[in-house]
Amino acid sequence: MNARVAGRIFFDANVLVNAYDDRDLAKQKTARRVLQEAVGSGQAVISSQVVQEFGNALLHKMKLLSPEAQTQVFQTVLVPMVRQYPSSE
């Protein structure tokens, strides 16, 4: 799922997992296209919970990527999407 909020596109972990899971090539293609567009435009945003869920899926459940590839994904895909916003309190 992704949602647009104030010029940003929030992604949940499922979209990220689909981008790296080759068991469903149609979902993978769509997820990669949407992520590439959003990251490229600087609009992509994820939460720390999404980082944790995605990392857990890659490392433990799916074992989709080598440790080196996982590091590259975190640095080139996830880090650019992380933003800090003040709380509404």
Go through the structure and list residues passing side chain to side chain contact (heavy atoms under 4.5 Å, CB included) with V39, not counting sequence neighbours.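 For V39, the residues satisfying side chain to side chain contact (heavy atoms under 4.5 Å, CB included) (neighbours in sequence not counted) are A44, M81.
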Partners meeting side chain to side chain contact (heavy atoms under 4.5 Å, CB included) with K29 (sequence neighbours left out):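 If we apply the side chain to side chain contact (heavy atoms under 4.5 Å, CB included) test to K29, skipping adjacent residues, there are no hits.
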Hey, are S41 and Q43 close enough side-chain-wise for a donor-acceptor pair under 3.5 Å?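 S41 and Q43 do have a side-chain donor-acceptor pair below 3.5 Å.
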Quick one: does [X]'s side chain get under 4.5 Å of [Y]'s, heavy atoms only?
{"X": "V50", "Y": "F11", "answer": "no"}
{"X": "V15", "Y": "L35", "answer": "yes"}
{"X": "Q28", "Y": "N18", "answer": "no"}
{"X": "V51", "Y": "I46", "answer": "yes"}

Could you work out, with side-chain hydrogen bond (donor to acceptor under 3.5 Å, both in side chains) as the rule, every residue matching Q75, not counting sequence neighbours?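 With neighbours one apart ignored, the set is empty.
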Which heavy atom in A19 sits nearest to a heavy atom in A31, and how many Å separate them?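 Here A19 and A31 meet closest at N-CB, 3.7 Å.
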Show me the pairs that pass salt bridge (charged side-chain N to carboxylate O under 4.0 Å, His left out) and involve residues 35-53, at least two apart or across chains.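 Found R33-E37.
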So, taking the atom named CG in D21 and the one named CG in L16, what distance separates them when rounded to the nearest 0.5 Å?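 Rounded to the nearest 0.5 Å, the CG-CG separation comes to 12.5 Å.
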Any chance you could measure K27, atom NZ, to D22, atom CG, to the nearest 0.5 Å?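 The distance works out to 13.5 Å.
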Who are the salt bridge (Lys or Arg N to Asp or Glu O under 4.0 Å) partners of R32, not counting sequence neighbours?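 In terms of salt bridge (Lys or Arg N to Asp or Glu O under 4.0 Å), with neighbours along the sequence ignored, R32 is linked to no residue.
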